[in-house]
Amino acid sequence: MQDFGVNLICVEDGIDSSKDSGKLMISALSAVAEVERENIRTQTMAGREQKAREGKWNGGIAPYGYRLEKGELLIAEDEMDVIRTIFDRYIHTNDGVSGVAKYLDRQGFVKKLRQNGTTPGFSASFVKSIIDNLVYMGKIAYGRRRAEKKIGTRNEMRVVEQSEFPVYEGKHEAIISEKDWNLAQEKRKINAYRREKVNDPTHAHILSGILKCPCCGKSLYGNIAKAHSKDKRPAITITARIPLHRPVMSVLSG
């Protein structure tokens with residue numbers, strides 16, 4: 001509130017943030033509340049980690065292919081064939097994640113609309129999320145994504161993917177074998193590539209590898225599309241591409 005020039009006045013408690021004594025009182029109360037919040041957060045996360053060690057689902061929407069019943073993951077019979085087809089097609093053919101998604105649509109598979117997937121039809125991102133999820137081989141991962149505070153902010157957080165995290169044996173039934181899941185991961189590594197940096201003598205993306213999305217932490221990259229204006233003068237459109245949850249920024253220069 002004070003950032004917007006608004007003062008807090010509590011008549012019954014005798015607090016007035018416009019005065020030095022009131023600011024001191026608010027600071028003391030805020031410090032106590034922050035410590036209590038961190039204690040609650042620590043205890044909550046410890047409980048979630050213990051639940052993962054026991055192989056139990058840690059709450060939230062059930063992944064595609066499963067349904068929740070009394071807090072336990074059970075196989076959804078009407079979604080199971082999609083999961084098995086995705087892994088089978090990805091492992092035993094030359095299709096990538098986009099090819100598998102197109103195959104599912106061509107073969108008439110119907111994607112069940114639910115809270116964590118309201119877009120009809122299959123997409124490459126959906127297939128990728130299925131292939132990378134350990135839950136389908138009967139495992140429970142903990143701490144795969146962690147909320148970290150954004151540097152330079154007070155309370156803003158962002159979710160960051162972790163490269164290392166503990167994995168536990170789940171109590172739920174697996175849809176695919178561990179062998180098939182590992183085969184899919186091997187192909188994912190082979191198909192993965194780094195975007196090649198092209199040095200253009202007429203323009204350099206000086207912020208490549210430095211500028212990052214403030215929400216997810218992924219790097220931004222630039223593209224150059226050359227075109228010609230009506231007066232036949234060359235024009236260069238420089239586009240900074242970022243994840244789908246952010247708008248695309250374009251700069252036009254002559």
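In this text, all values refer to a predicted model and were calculated from it rather than measured experimentally.
Defined by atom type and a distance below 3.5 Å, a donor-acceptor pair is missing between the side-chain atoms of Gln185 and Arg188.
Residue Met25 holds its CE atom at 12.0 Å from CG of Asp16, rounded to the nearest 0.5 Å. Going from atom CE of Met137 over to atom NZ of Lys179 covers 14.5 Å, rounded to the nearest 0.5 Å. Atom NZ in Lys150 sits 10.0 Å away from atom CE in Met157 (nearest 0.5 Å). Distance check: Glu34 CD to Ser27 OG gives 11.0 Å after rounding to the nearest 0.5 Å.
In this structure, His172 and Val135 have side chains that are in contact, with non-hydrogen atoms separated by less than 4.5 Å. Counting heavy atoms from C-beta outward, Tyr103 and Thr85 have side chains that approach closer than 4.5 Å. You'll find the side chain of Lys51 stays beyond 4.5 Å of the side chain of Ile140, heavy atoms only. Here the side chains of Ile86 and Phe126 are in contact, with some heavy-atom distance below 4.5 Å. Using a 4.5 Å heavy-atom threshold, the side chains of Ile9 and Ile15 count as separate. Tyr168 places a side-chain heavy atom less than 4.5 Å from the side chain of Glu49. Between Gln50 and Tyr142 the shortest side-chain heavy-atom distance does not fall below 4.5 Å.
A donor-acceptor pair under 3.5 Å is formed between the side chain of Trp181 and the backbone N or O of Ile131. Without hydrogens or angle criteria, Tyr64 side chain to Lys112 main chain gives a donor-acceptor distance under 3.5 Å. Listed for the Lys187 side chain is a donor-acceptor partner under 3.5 Å among the backbone atoms of Tyr90.
Shortest non-hydrogen contact noted between Trp57 and Gly71 is CB-O, 4.0 Å. Between Phe87 and Ile130, the closest heavy-atom pair is CZ-O, 3.6 Å. Here the closest non-hydrogen pair linking Glu173 and Tyr66 is O-OH, 2.7 Å. Pairing each heavy atom of Ile75 with each of Arg67, the nearest pair is O-NE, 3.7 Å. Closest non-hydrogen pair, Ala141 versus Leu134, comes out as CB-CD1, 4.2 Å. In this structure, Arg48 and Asn58 approach most closely via the heavy-atom pair O-ND2, 2.8 Å.
Residues Val127 and Val110 fall into different hydrophobic clusters, defined by Ile, Leu, Val, Met, Phe, Trp and Tyr side chains chained together at heavy-atom separations under 4.5 Å. Residues Val167 and Met45 are members of separate hydrophobic clusters, defined by side-chain heavy-atom contacts under 4.5 angstrom among Ile, Leu, Val, Met, Phe, Trp and Tyr. By the criterion of side-chain heavy atoms lying less than 4.5 angstrom apart, applied directly or through intervening Ile, Leu, Val, Met, Phe, Trp or Tyr residues, Ile176 is not grouped with Leu74; the two fall into different hydrophobic clusters.
More than 12 heavy atoms of other shown residues, nucleotides or ligands fall within 6.0 angstrom of atom CZ in Arg53. No more than 12 heavy atoms of other residues, nucleotides or ligands lie within 6.0 Å of NZ in Lys56, so this atom counts as exposed by the packing criterion. Few gaps surround CG on Asn39; more than 12 heavy atoms of other groups in view lie less than 6.0 Å from it.
Evaluated for a side chain to side chain contact (heavy atoms under 4.5 Å, CB included) with Asp180, the options Ile175, Asp88, Ile91 yield exactly one hit, Ile91.
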